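None of the values given here were measured: they were computed from a predicted structure. Below, chains carry the letters A, B, ... as their sequence lines are ordered, and counting in each starts from 1.
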Number of protein chains: 2
Amino acid sequence: MIELRQLRYFMALAEHLHFGKAAESLHITQPPLSRQISALEADLGVVLFSRHSRSVELTAAGRDFQQHAKTALAELDLAIRSTRASARGERGELRVSFTMVAAWILLPELLKAYSDAYPDVSLALNEVLPRDLGPALERGEADIALTFPSSGSKSLCYRALRREPLCAVLPASHPLAAATEFSIAALADEPFITFPRQTAPALHEAVMSCCRRAGFEPKIRLETHLQQTIVNLVAEGLGVSVVPGSMRKMRMPGVAFKAIDRSPPVEYGVIWNPRNENPCLNTFLRCVGVEETGDRGPAQV
Amino acid sequence: MIELRQLRYFMALAEHLHFGKAAESLHITQPPLSRQISALEADLGVVLFSRHSRSVELTAAGRDFQQHAKTALAELDLAIRSTRASARGERGELRVSFTMVAAWILLPELLKAYSDAYPDVSLALNEVLPRDLGPALERGEADIALTFPSSGSKSLCYRALRREPLCAVLPASHPLAAATEFSIAALADEPFITFPRQTAPALHEAVMSCCRRAGFEPKIRLETHLQQTIVNLVAEGLGVSVVPGSMRKMRMPGVAFKAIDRSPPVEYGVIWNPRNENPCLNTFLRCVGVEETGDRGPAQV
DNA sequence: CCACATCCATACGGAAACGGAATCGATGAT
DNA sequence: ATCATCGATTCCGTTTCCGTATGGATGTGG
């Protein structure tokens with residue numbers, strides 16, 4: 001059976017066309033080289049070199065073998081370097097799941113920084129509902145999720161990356177839309193558009209405490225999952241809402257955003273599965289400033 | 001240093017994802033397989049398989065390595081098969097030199113038969129003057145020559161393949177052109193266009209003996225090397241000539257070909273260098289019906 | 001013409017690598 | 001709790017490989 005040693009020896013001899021010189025370049029002596037070349041020729045059943053009295057030269061078949069062996073060895077070298085890069089998380093695939101809200105504030109800058117630092121990692125983006133992030137990470141269908149803190153499984157890790165205040169959103173036609181002074185308490189009697197609690201418990205709690213602090217319990221008229229759908233419905237005049245401040249970036253016509261005094265911060269961050277062995281996950285976490293503690297503790301919710 | 005054995009073992013394990021089954025498929029026991037995989041991982045500095053309690057699976061880097069290793073092994077297999085084919089003369093390059101005259105009669109059928117039988121041999125055709133055939137073969141610049149017998153070097157081999165009679169060629173405007181009865185003796189006083197003797201001694205001798213048998217010595221007006229140039233000059237009315245019968249195929253307007261009674265045959269064949277190691281030469285010779293006697297005797301001239 | 005140098009092939013001995021049998025340790029299954 | 005499964009480890013006999021020394025063929029220079 002042919003071995004790589006024989007190929008390496010062959011390539012050296014094909015280059016030097018002299019057993020002594022080739023052996024020297026391989027840091028071995030001449031007899032082993034002679035034997036390995038003979039063994040290779042015997043395995044192939046083909047004479048690769050014609051040994052004349054004063055010269056060694058490649059046969060036609062030898063030149064053919066040299067061509068192919070060169071590409072085979074190059075392919076093998078590529079395999080080694082590529083695999084090492086893969087293991088270092090410098091190449092491969094990272095599957096990023098995110099909710100639309102996170103996309104507005106976190107996604108662009110994080111992905112820009114990461115793909116600049118690791119251009120050989122292909123990014124597979126997938127926007128999902130907040131409630132689907134946890135299961136996707138658990139099942140290994142995604143490597144990292146960008147969203148608010150999740151009350152998901154205890155086996156996932158979470159690190160906060162950004163905080164921002166909430167803001168009220170109301171139809172542009174609403175009397176309060178043009179007011180210079182705004183207090184959330186003014187919305188006490190307005191119909192609210194919110195989302196189911198289990199979709200994003202932390203965000204839901206922030207919205208609720210915002211209202212309670214102003215002394216009222218919101219009257220919920222509609223519930224839908226995605227924040228941008230909420231803004232869309234507000235634009236249609238169906239109600240008002242309280243959403244993360246970065247939703248302003250939507251620049252949706254027909255709505256007005258209003259800052260909320262002493263708004264509780266809503267937090268965004270990354271969630272991942274510590275059992276995930278994708279090396280690109282480590283490079284990503286390092287890139288976004290998460291020091292890997294190595295602990296596999298549960299997510300901080 | 002990585003060896004092919006490790007790649008083969010790796011591929012088997014990557015396929016079976018079970019050390020016992022993979023070892024069985026390799027006709028070895030499990031311990032050596034474990035060791036070789038470990039050694040491969042150590043050489044790469046990369047963990048290729050994640051061994052869990054009840055399952056073995058490829059890591060991301062392992063999948064990457066599998067991809068590249070597969071193509072590298074395929075390239076190597078291609079190298080082996082291609083090299084063996086090369087050695088059998090089933091692929092490679094055959095450099096065929098020939099004179100124009102041989103091209104009319106020998107070249108098409110021989111090359112058709114050969115390239116049908118050996119489609120992976122690329123043919124490099126090169127038309128040369130007869131006097132250059134021998135040196136080209138001697139210097140290894142050509143593998144085979146199609147021409148008439150050469151008085152060239154004693155180190156070359158020759159085998160006859162075809163014989164044909166000579167024929168006279170004269171301008172269409174010549175009084176003899178339309179004659180039904182023709183004898184070469186009628187050209188005794190015509191200016192002849194021939195070629196230098198050393199260009200093709202055997203053919204030259206045949207032409208001369210043709211005339212002498214008719215009782216005259218040709219009056220040579222012009223000499224040029226190539227037979228078709230001779231026919232061109234005859235068409236211009238510069239003289240007459242005696243050329244191989246297959247020159248009729250030129251269908252040159254302005255000339256008439258006349259059969260010669262009891263013409264001495266002119267012979268065509270192949271010339272090659274017995275020291276030439278190109279395996280395609282052997283397949284070519286076998287293909288055209290030359291049994292290789294293995295003797296390295298001089299050419300039969 | 002003969003001694004010599006060059007170069008590849010071959011013979012032999014020690015070292016390293018390999019494969020096989022037995023065993024260990026960990027993990028699920030019954 | 002017992003057993004079965006599976007990969008890792010240990011130990012040993014065999015094979016393979018490398019290095020030194022030598023052989024054999026060829027070309028060179030005195």
Side-chain angles (χ1 to χ4, degrees), chain A residues 1-59 61-63 65-66 73 76 155 274-275 277 296, chain B residues 1-59 61-63 65-66 73 155 275 277 296:
Chain A
M1 192 66 83
I2 293 175
E3 277 300 337
L4 272 185
R5 180 194 347 269
Q6 298 169 332
L7 262 70
R8 299 192 186 101
Y9 288 9
F10 168 83
M11 292 304 288
L13 182 56
E15 183 188 349
H16 292 89
L17 293 176
H18 185 289
F19 280 75
K21 308 280 179 58
E24 187 180 5
S25 80
L26 292 166
H27 305 106
I28 60 171
T29 55
Q30 171 260 321
L33 178 59
S34 286
R35 260 173 297 148
Q36 293 291 349
I37 296 295
S38 295
L40 177 61
E41 289 178 326
D43 276 335
L44 289 173
V46 170
V47 177
L48 300 172
F49 295 94
S50 54
R51 289 88 153 164
H52 295 111
S53 47
R54 266 341 228 200
S55 67
V56 173
E57 56 186 29
L58 281 163
T59 62
R63 279 187 295 275
F65 191 68
Q66 184 185 27
L73 288 175
L76 195 61
S155 65
R275 293 189 313 279
E277 290 175 339
R296 298 195 163 188
Chain B
M1 193 65 84
I2 292 175
E3 276 301 336
L4 271 185
R5 181 195 340 270
Q6 298 170 332
L7 261 70
R8 299 193 186 100
Y9 288 9
F10 168 83
M11 292 304 287
L13 182 56
E15 184 187 348
H16 292 89
L17 293 176
H18 185 288
F19 279 76
K21 307 282 178 57
E24 186 181 6
S25 80
L26 292 165
H27 305 294
I28 61 173
T29 55
Q30 170 258 322
L33 177 59
S34 286
R35 270 190 311 251
Q36 294 290 349
I37 296 295
S38 294
L40 176 61
E41 289 178 326
D43 276 336
L44 289 172
V46 169
V47 176
L48 300 171
F49 296 93
S50 54
R51 290 87 153 166
H52 295 112
S53 47
R54 270 337 233 198
S55 69
V56 173
E57 55 187 29
L58 281 163
T59 63
R63 278 188 296 274
F65 191 68
Q66 183 185 26
L73 288 175
S155 66
R275 292 189 312 279
E277 290 175 340
R296 297 195 164 189

*OP1, OP2 of dG19(C) versus side-chain N and O of Y9(B): anything below 4.0 Å?*
yes

_Closest-nucleotide ordering on DNA chain D, the 5'-leading residue of R35(B) and T29(A)_ = R35(B)

*Upstream residue (5' side of DNA chain D) when Q6(A) and P32(B) are each assigned their closest nucleotide*: P32(B)

Using whole Å, report how far [atom1] of [X] lies from [atom2] of [N].
{"X": "R51(B)", "N": "dC6(D)", "atom1": "CZ", "atom2": "P", "value": "16 Å"}
{"X": "H18(A)", "N": "dC7(C)", "atom1": "NE2", "atom2": "P", "value": "4 Å"}
{"X": "R54(A)", "N": "dC8(C)", "atom1": "CZ", "atom2": "C1'", "value": "11 Å"}
{"X": "L33(B)", "N": "dG19(C)", "atom1": "CG", "atom2": "P", "value": "9 Å"}
{"X": "Q36(B)", "N": "dT15(D)", "atom1": "CD", "atom2": "C1'", "value": "14 Å"}
{"X": "E3(A)", "N": "dC18(D)", "atom1": "CD", "atom2": "P", "value": "12 Å"}
{"X": "Q30(B)", "N": "dA22(C)", "atom1": "CD", "atom2": "P", "value": "14 Å"}
{"X": "L4(B)", "N": "dC18(C)", "atom1": "CG", "atom2": "P", "value": "13 Å"}

*Please round to the nearest 0.5 Å and tell me the distance separating atom CZ of R5(B) and atom CG of L33(B).*
12.0 Å

*Would one find more than 12 heavy atoms of other residues, nucleotides or ligands at under 6.0 Å from atom CD of E24(A)?*
no

Any idea which of [options] is nearest the [X] side chain?
{"X": "S34(B)", "options": "dT27(C), dG19(C), dG7(D)", "answer": "dG7(D)"}
{"X": "P31(A)", "options": "dA21(D), dG20(C), dT9(D)", "answer": "dA21(D)"}
{"X": "R5(B)", "options": "dG19(C), dC18(D), dC8(C)", "answer": "dG19(C)"}
{"X": "F19(B)", "options": "dC18(D), dG7(D), dT27(C)", "answer": "dG7(D)"}

_Electrostatic pair E57(B):R63(B) at N-O distance under 4.0 angstrom_ = no

*Got a donor-acceptor contact below 3.5 angstrom from the E41(B) side chain to the F49(B) backbone?*
yes

*Answer with base, sugar-phosphate or nothing: what part of the nucleic acid does F49(B) contact at a heavy-atom distance below 4.0 Å?*
nothing

*Going through the checks in order, is the salt bridge (charged side-chain N to carboxylate O under 4.0 Å, His left out) test met by E15(A) and K21(A)?*
CA-CA 10 Å; E15(A) 183 188 349; K21(A) 308 280 179 58; over 6 Å; no

